[in-house]
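Please read all numbers here as calculations on a predicted model, not as lab measurements. Chain identifiers are assigned alphabetically (A, B, ...) following the order of the sequence lines, protein sequences preceding nucleic acid strands; residue numbering begins at 1 within each chain.
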Amino acid sequence: MSKAELATAYNPQEHEQLIYTTWEQAGFFNPDNLPLEHTEPFAIMMPPPNVTGVLHLGHALENALMDTMARFQRLRGKKVLLLPGTDHAAVATQARVEKNLIESGKHTNPRQELGREKLLEVIREYAENSKSHIITQIKRMGTSCDWDRLAYTFDEQRSQAVTTLFKKMYDDGLIYRGYRVVNWSVTGQSTCSDDELEYTERTAKMYTFKYSKDFPITIASTRPETKLGDTAVAVHPSDPRYQQYVGKTFTVDVGAQKPLTIKVIADPHVDRLLGTGALGVTPAHSHIDYELYESRKGTADEIALTQVIGEDGCMTEAAGSEYAGLTVEAAREKFVHYLRDNDLLEQEEEITQNVGTSDRFGDIVEVVPMTQWFVAVNKDIPGRNKTLKDLLREAVTTGHKGDNNQKVAITPDRFEKIYLHWIDNLRDWCISRQIWWGHRIPAWYPPQNSSTQTDSQPEIYVGTQPPADTWKQDADTLDTWFSSGAWTFSTLGWPAQTKDLTDFHPTQWMQMGHELVFFWMARMILMSTYALDQLPFHNVYIHGLLRDEHGRKFSKSLKNGIDPIELSDKYGTDALRMSLLIGISPGNDSKFYEEKVEHWRNTINKFWNIARYILMNVTEIKRIPNQPPAQTLADEWILAEFDQLITDTTEHFANYQFSLAGEKLYEFTWSKLADWYIEIAKVEKNKDEILLFILEKLLILWHPFTPFVTETIWKQFETNELLMVQAWPSTMHSQTIPATFTKIQTIITSLRNARAQAKAPPGKVIPATITTQDSTELVTNNQAIIEQLARVNLTISNQPYTGQHISCIEHDYELYIPVTDTVKQALDTVKQSLQNYIAALEKKLANEQFVAKAPKEVVTQEQQKLTEAQEKIAKMV
RNA sequence: GGGUUCAUAGCUCAGUUGGUUAGAGCGCAUCCUUGACGUGGAUGAGGUCAGAGGUUCGAAUCCUCUUGAACCCACCA
């Protein structure tokens with residue numbers, strides 16, 4: 001093989017594009033093309049980025065995580081499938097496009113002005129653009145995903161899965177159409193689920209008042225205008241203050257056209273100590289009040305429901321003609337005025353409260369009753385004697401179907417608790433949206449029923465095609481998370497029973513940000529355990545959020561966003577990946593700034609130069625399959641260190657401790673291999689085999705993190721194989737790191753230190769003497785190394801030294817170099833700290849308890865430390 | 001109201017099941033064009049691990065409380 005010709009500095013721009021193309025052409029991103037020995041499947045489904053725009057740093061982090069894991073597993077011989085995709089992201093995308101249209105000044109109300117088909121076309125075009133951009137970006141990140149299996153939540157295959165799933169759940173009675181209160185975004189003119197609410201704090205006024213003079217109970221509210229829709233007052237069953245009124249119905253005049261009919265009911269959920277201890281019940285505009293209403297339906301205690309706020313966010317006729325058409329704010333003001341004028345207002349108090357706003361449209365969400373589609377989470381699944389909630393719980397507690405081996409392991413495990421708590425509070429999931437961008441609800445109504453939606457039981461047909469042409473499809477679309485929930489199996493061909501499904505489901509590993517635990521992780525568990533009777537994945541790794549250097553979120557409004565592609569251009573993708581992965585721990589947010597990328601660019605360049613040195617200096621570039629024998633102490637040391645590195649790296653990767661794996665690799669490569677062994681190799685010579693052996697395996701170990709630079713260097717070995725499918729190195733486990741080498745290192749460092757203190761010019765060779773009472777063999781054997789690395793001319797003796805020189809003591813050796821005052825001073829400081837150290841150790845060992853109770857090896861260890869320190873100081877005095 | 005996480009060198013962060021004289025990077029100081037690398041090399045300064053108690057022979061690590069920061073959840077009437 002010819003000698004290497006490599007540039008003095010690594011330039012990622014020159015190589016990355018080419019390397020990615022090489023990989024794509026080789027076909028190993030597709031598991032079907034992997035060499036036959038890759039048998040055990042390992043699947044990771046990429047969380048599909050929303051087609052709302054370009055990828056940000058968070059996506060870069062996810063790609064780095066997934067690809068590092070995928071490459072590690074592939075190198076370990078797994079049949080790896082990393083399946084890429086994008087998400088149509090229903091509301092998010094439509095909201096974005098509408099916003100763009102309005103901001104561009106072309107439209108003021110895109111839905112009205114364009115109509116359904118035309119608007120959908122605009123959104124589709126936007127989404128397609130965004131998709132191709134995203135795919136380019138994923139490739140830039142080096143992600144080794146199978147482009148043959150590229151999926152989109154809104155493509156035909158996935159739509160079929162969604163329809164099938166919907167029908168299956170409908171037939172099982174788990175999806176129903178019903179009239180219930182929902183969260184309504186007036187701006188978006190659509191429902192949203194509880195999880196799509198973002199709570200923001202604001203100050204509000206709490207009003208304490210009576211409906212009328214002759215009504216005996218005082219209530220409180222921050223939304224007095226909704227009280228026009230009250231139909232009951234709830235009190236605690238054993239509250240003596242109100243017991244006499246329970247069961248009675250009052251007709252109260254609230255100054256509106258129609259008087260209210262208020263029934264006093266008793267309910268144990270009422271907190272006697274909160275507020276006035278009595279709760280004005282507004283079934284139409286509060287989730288909890290609705291439950292009070294629903295649980296009494298059909299009983300003697302039944303209460304009514306009056307909707308006073310409409311879909312337009314204004315008061316309805318039911319609020320009375322004086323109020324109808326007013327905005328809620330205006331109605332509130334008017335009603336409070338009335339209360340004040342009639343002396344009914346007892347108290348006004350400023351409080352801070354959390355209000356739910358729509359995460360996509362931003363407006364405060366109104367609770368209104370409507371006919372919508374829901375997933376019933378508390379209903380028994382036919383033939384399984386379990387509810388969807390039960391399935392959700394089982395997956396992380398007892399294991400699916402009580403099987404401990406079918407358990408989703410969450411890293412870090414604290415998210416288990418958060419997840420379970422979420423299940424406890426979970427209500428039926430509203431899945432219908434009134435936006436247009438999304439999977440159309442596969443339900444059909446006969447022509448005559450189309451306008452009378454509030455009828456309790458309209459005729460419904462659920463399926464792909466209507467029973468007759470005259471039937472009309474439901475106008476609504478599905479919550480985007482309904483399709484995302486099926487992602488782990490819709491991507492593998494379900495509902496068809498494909499080979500992919502058999503091979504790769506349940507998937508092995510999934511990573512996501514903690515904000516998606518409820519939205520997505522939970523929904524995937526729900527869908528998969530329900531539809532496939534399988535877990536969606538065995539392991540979930542939850543990563544934190546990336547923040548800027550000040551700890552703020554990256555956001556458009558703060559304009560603090562950093563484009564990952566720009567960083568990739570400037571520093572290389574490998575450096576970007578490292579900067580994202582090192583220094584993070586599962587579940588915790590981390591700060592990101594450009595200096596990190598710069599540091600890793602430097603590290604990669606260092607690695608490049610290590611390879612360059614080795615490849616340019618060996619007589620022949622060749623692969624060394626087996627560990628070469630050690631000729632010297634240094635050889636023995638580096639081989640043992642390398643063996644340990646393999647063990648550590650493997651373990652850390654397998655435990656998802658990416659940061660630790662990276663730190664170990666970094667430390668070995670720079671601080672051990674480059675700083676010591678290569679420098680020694682220049683003195684000892686003839687180390688071609690060991691250097692090549694280590695380089696080759698080290699390329700493999702780094703490859704999951706830094707695929708581009710490692711594959712580029714690998715080309716110098718001139719094999720026709722690719723690095724990405726080499727075998728992960730195995731360890732010998734039998735090698736111990738020789739402590740004697742550490743002594744040589746310490747001697748060298750000590751001599752360098754002494755030189756620096758003596759102000760000896762770095763290039764100048766100075767005389768030094770080493771004396772020892774023990775054998776001089778170790779020092780003699782490594783004399784050349786010490787002389788070269790410490791730049792000294794060495795005299796070795798086993799006789800006490802008598803000259804006019806200053807000493808420092810390391811292990812059993814006394815080191816002497818020519819005396820200067822600065823060295824004396826430095827030596828005094830060392831002596832002082834050594835004395836403190838000895839004192840601490842003596843105290844510890846004098847403690848009988850310690851000697852009695854601590855494990856023997858710890859005591860011996862401490863004793864040894866003391867002896868060493870004492871000997872050292874004895875020689876210094 | 002309930003819950004979670006975090007607090008370690010000037011800055012950003014590691015520190016796996018309690019046993020190191022507590023580590024790294026950046027920054028800082030002194031010095032070095034020794035032909036792999038100045039995107040480099042050598043050496044060094046800098047920390048009572050937020051505070052107070054406790055458990056233990058032994059705590060940055062476990063427990064309790066306090067202080068400060070961030071976040072999640074909830075039917076705050």
Which pairs count as side chain to side chain donor-acceptor pair (under 3.5 Å) when at least one residue sits in residues 839-853 of chain A, sequence neighbours excluded? A:Glu842-A:Gln870, A:Lys844-A:Glu862
Testing the 3.5 Å rule here: is there a donor-acceptor pair between the side chains of A:Asp195 and A:Trp422? yes
Mind checking [X] for me? I need base, sugar-phosphate or nothing, with any heavy atom below 4.0 Å counting as a touch.
X: A:Thr603; answer: nothing
X: A:Lys865; answer: sugar-phosphate
X: A:Asp271; answer: base
X: A:Leu274; answer: base
X: A:Glu595; answer: nothing
X: A:Gln788; answer: nothing
X: A:Lys591; answer: sugar-phosphate

Does A:Lys682 contact B:A36 through a side-chain donor or acceptor facing the base, at a distance under 3.5 Å? yes
Using only heavy-atom distances, decide whether a donor-acceptor pair under 3.5 angstrom links the side-chain of A:Glu679 to the base of B:A42. no
A:His543 vs A:Tyr656, test: ring-ring contact (aromatic ring centres under 6.0 Å, His included). Steps then yes/no. CA-CA 11 Å; A:His543 65 76; A:Tyr656 323 130; over 10 Å; no
Pi-cation contact, A:Phe668 with A:Lys672 (under 6.0 Å, within 45°): no
Tell me, which of residues 420-427 of chain A have any heavy atom that sits under 4.0 Å from an atom in RNA chain B? A:His421, A:Asn425, A:Arg427
